[in-house]
Novice: 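Sending over a structure as C-alpha cells; questions will come in a sec.
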2 protein chains.
Amino acid sequence: MPLRQASAALQDERAVPANGTGTTDLSLRLLDFLARSAEPVGLSELARQFQASKATIHRHLQTLAYHDFVRQDPATMRYAPGIKLFILGERLRERFDILGVARSEMVRLRDETGHAVTLSTLVDDQVVVLDLIQGHSIVNFGTQPGTVLPLHASAHGKVALAFGPEDLLRRCLARPLKAWTPHTVSTRAALERDLVQIKARGWATSPNQVLQGINGIAVPVFNHAGRYAGGISCAGTVQTIPATPSAAIIKALKRAAAQISRRLGYAGK
Amino acid sequence: MPLRQASAALQDERAVPANGTGTTDLSLRLLDFLARSAEPVGLSELARQFQASKATIHRHLQTLAYHDFVRQDPATMRYAPGIKLFILGERLRERFDILGVARSEMVRLRDETGHAVTLSTLVDDQVVVLDLIQGHSIVNFGTQPGTVLPLHASAHGKVALAFGPEDLLRRCLARPLKAWTPHTVSTRAALERDLVQIKARGWATSPNQVLQGINGIAVPVFNHAGRYAGGISCAGTVQTIPATPSAAIIKALKRAAAQISRRLGYAGK
DNA sequence: CCGTATGGTTCATTAAATGAACCGATGGTT
DNA sequence: AACCATCGGTTCATTTAATGAACCATACGG
C-alpha cells in the first residue's frame, strides 16, 4: 500500500518552515512519522519516504534512539516510536491542572448519563482533548486524549469560540472552514449565528458535524480568573443525543461544569 | 536556585553519544530539558545551560516550535514543552494494548483493596509505569504513568526479573545495584534469593526498597503466547501493606492479573 | 540616565551533515 | 545452487548548513 507522502504528514498546508535548523526539522518529521505509523518502519522505507539517503536517516535514527525517542525492534530491525514520547507526554499532563480536578466529576457525569465524557482545553488556538471517560455502552465512543478537534465543527470547538479568547474566531475564520460532512456548518454567517445562540444558552451541540450520526454536547469550564479554561462534553449517536438534547443532560453537564469551575477557583454562579 | 547542569539531565551516566547527528542531539536534549522543567525557561537561560550561543538555541527552538514540540509563552517570551509531546504520547498509548484491557480490572482491584493500583510493562529493559488508578485514601499514592522503576528495587521490577526475559537479570546485574534506602536489596546474592522466592509464590513485594515507609506488591500478567506481558501492583504504606501482605490482597491481585491475562489471550490457569 | 538584563538577528567561518558507493546478510525465484 | 533484489548498516570525499561573535531593540532597576 502506498503510504501518504511523509513530508505532507507534518508540514501539511502550513507555509514555510521558517528559519530553523533543517537537521532538527528532519528528525522531528521522522519522529512524527513513526509515531503516526501503525507499524514499525524499516530504514530503507523511511529513506524513500523522506527522499534522503539511508546514511542520513540512519544517523538521525541513531540519535533519536539514543534518547529513547525511537526504538528499534530487535527482531525485525524496524523502527518504532520510543518510550520517551510517552514519558514526556505524561509529564506534560501535570501542567494541565484542569485534568486532575475534572476527573471525578467526569466519572460522575458519565455514571449519570451513561455517555462518554471528554474534557478539552485550548492550547495555542487548538482545541485538544485532555481526557476521556468511556461511556457505559458496548461500543466505545468518544475522541481519544491528544486529539485535536476542529474549532467550527465540534461541540468543544464551538464552546471555545463562544467563551474563549476574543480574537479566536477571527483567527479561525482566517482559513477556510473545512466541511467534514454535508451537514457541517462551513459558512461564516452560519457559524456566527450558531455562536450567538451558544453564548446565550451556555451549551453547544455538533450533530453530524464531524461524523455522520454522531453528536456531542459541550459546556464551558471557567477558572479562578473567570475566564474560559476548557470544556466538558458528552458524546453519542444522534439517536441518543438529539440535536436539541433533553433538559436532563444539559442540567447534568452544567452542574458538572460548575463543580469543576468551582474547584478551579471560579467564584461565579 | 541553581539548576542541575542541563546536559547531565539526559546523557546521565551513559557512555558516548554514539555516532549520530549532533544537531538533533542538541534539539532532543533541549526538548527533554524543557519537558522536565517545572516552569517555562527563557532563551538566555537555555543558552547558558547548554553552553551554546543564543543564536543556536534560538534556531533550534524555532524548529521545535514549528512542529509544536515547544511553545513560547506569548506573555513571558519563555519556552515551554508543546502540545505535540502530549499528542504523540497519547498515540503511543494505543500500542500498549495491555493498557486498554487492564483498566477496568485495575479499577475493580482498587475498589476491592482501596489501594492505588499501577500497571507496568517492560520496554527495552526498562520497567515503565503505564497506568495508575488512584487509591481511595486522602493522600495520593502511586507512581505516575511514564515513570521508570528500578529493576532490583521495586515490586514491578522484580516481577519483570522473575517472569520476564531470561537474560534480563544478567543485563540488570551488569551495572551496580543502586541502594535507594538502607533497606534496598543491593547485592547479587540477596536479589537472586529474592527472585527464587518470587518465582515460587508468584508475587513480589518491595518494603522500604525505593522509599522508606512505602511498600508495593506486584504480580505478573501474561499474554497470549504465555509470556510475561507486564505487571500490576498495589502500593501503600508499610503499615497498610506489610512486608508479608494479607492473603486477601494477594488473592485479589492474582485474580485481577489472571483476568487481564485471559483478556490478552492467555490460555493458562 | 546609565548598566545590565532580556529576546532576537546578522554574517563570515568552519564544522558537520550529507549521499554515492560500498559491504555483508537474508530470502525468494529461477 | 546460482542469481537477483532486497534489507540494515558503513565509509569517505564533498559542500552544505549549523554555528557563535557581535550586533540591535527593548525593558527593568537603582
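To find a chain, count down the sequence lines: A is the first, B the second, and so on, and within it residues start at 1.
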Novice: Without decimals, in angstroms, what is the distance between B/Leu46 CG and C/dG7 C1'?
Specialist: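 About 12 Å, once rounded to whole Å.
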Novice: May I ask you to evaluate whether B/His60 reaches the phosphate of D/dT19, defined as a side-chain N or O under 4.0 Å from OP1 or OP2?
Specialist: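 B/His60 to D/dT19 OP1/OP2: side-chain N or O found under 4.0 Å.
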Novice: Calculate the interatomic distance between B/Leu61 atom CG and C/dT9 atom C1'; express it in whole Å.
Specialist: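 Spelled out: CG on B/Leu61 to C1' on C/dT9 is 15 Å.
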Novice: For B/Glu45 and C/dT6, give me the distance from atom CD to atom C1', rounded to whole Å.
Specialist: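 Answer to the nearest Å: 12 Å.
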Novice: Of the options D/dG9, D/dT19, C/dG7, whose atoms approach the side-chain atoms of B/Leu26 most closely?
Specialist: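 It is D/dT19.
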Novice: Roughly how many Å is it from CG in A/Asp73 to P in D/dC7, rounded to a whole number?
Specialist: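 It works out to 17 Å between those atoms.
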Novice: Do the side-chain N or O atoms of B/Arg48 get closer than 4.0 angstrom to the phosphate oxygens (OP1, OP2) of C/dT6?
Specialist: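 So the side chain of B/Arg48 is within the cut-off, an N or O lying under 4.0 Å from OP1 or OP2 of C/dT6.
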Novice: At 10 degrees resolution, what angle do the end axes of the helix from C/dT9-D/dA22 to C/dT30-D/dA1 form when each is taken over five base pairs?
Specialist: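 Result, rounded to 10 degrees: 40°.
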Novice: Of all residues at least two apart in sequence or in a different chain, which pass the salt bridge (Lys or Arg N to Asp or Glu O under 4.0 Å) check with A/Asp125?
Specialist: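 So A/Asp125 forms a salt bridge (Lys or Arg N to Asp or Glu O under 4.0 Å) with A/Arg171.
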Novice: I want to verify a distance call: between C/dA17, C/dT9, D/dG8, whose nearest atom is closest to the B/Thr23 side chain?
Specialist: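 Of the candidates, C/dA17 comes closest.
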Novice: Please identify each residue that fulfils salt bridge (Lys or Arg N to Asp or Glu O under 4.0 Å) with B/Arg71, with sequence neighbours left out.
Specialist: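 Only A/Asp124 meet the salt bridge (Lys or Arg N to Asp or Glu O under 4.0 Å) criterion with B/Arg71.
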Novice: Who are the side chain to side chain donor-acceptor pair (under 3.5 Å) partners of B/Ser261, not counting sequence neighbours?
Specialist: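 Not a single residue meets the side chain to side chain donor-acceptor pair (under 3.5 Å) criterion with B/Ser261.
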Novice: Can you find a side-chain donor-acceptor pair between B/Ser27 and A/Thr24 that sits under 3.5 Å?
Specialist: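 Looking only at side-chain atoms, A/Thr24 and B/Ser27 do form a donor-acceptor pair, the distance falling under 3.5 Å.
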Novice: Does a donor on one side chain sit under 3.5 Å from an acceptor on the other, for A/Asp194 and A/His152?
Specialist: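 No pair is found: no donor N or O on one side chain lies under 3.5 Å from an acceptor on the other.
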Novice: Nearest of C/dG7, C/dT18, D/dG20 to any side-chain atom of B/Thr56?
Specialist: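 The answer is D/dG20, which lies nearest to the side chain.
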Novice: Tell me, please, which residues at least two apart from A/Arg263 pass salt bridge (Lys or Arg N to Asp or Glu O under 4.0 Å).
Specialist: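 Salt bridge (Lys or Arg N to Asp or Glu O under 4.0 Å) check on A/Arg263 returns A/Glu105.
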Novice: What's the CD-P distance between A/Gln51 and C/dG19, to the nearest Å?
Specialist: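 It works out to 11 Å between those atoms.
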Novice: Suppose we screen for side chain to side chain donor-acceptor pair (under 3.5 Å). Which residues come up paired with B/Ser186, at least two apart in sequence or across chains?
Specialist: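 With sequence neighbours excluded, B/Ser186 shows a side chain to side chain donor-acceptor pair (under 3.5 Å) to no residue whatsoever.
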Novice: Return no unless some side-chain N or O of B/Tyr79 is found under 4.0 Å from OP1 or OP2 of C/dG8.
Specialist: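 It does, given that an N or O in the side chain of B/Tyr79 lies less than 4.0 Å from OP1 or OP2 of C/dG8.
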Novice: Between B/His58 and C/dG7, is there a side-chain N or O to OP1/OP2 distance below 4.0 Å?
Specialist: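 Negative; the distance criterion is not met.
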Novice: Taking only side-chain nitrogens and oxygens of A/Gln72, does any of them come within less than 4.0 Å of OP1 or OP2 of D/dG9?
Specialist: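 Checking D/dG9 against A/Gln72, a side-chain N or O does come within under 4.0 Å of OP1 or OP2.
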Novice: Is the shortest side-chain N/O distance from B/Arg59 to OP1 or OP2 of C/dC11 below 4.0 Å?
Specialist: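 B/Arg59 to C/dC11 OP1/OP2: no side-chain N or O under 4.0 Å.
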Novice: Find which nucleotide of DNA chain C each of B/Ala55 and B/Ser44 is nearest to by heavy atoms, and output the residue with the more 5' nucleotide.
Specialist: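 Its nearest nucleotide being more 5', the pick is B/Ser44.
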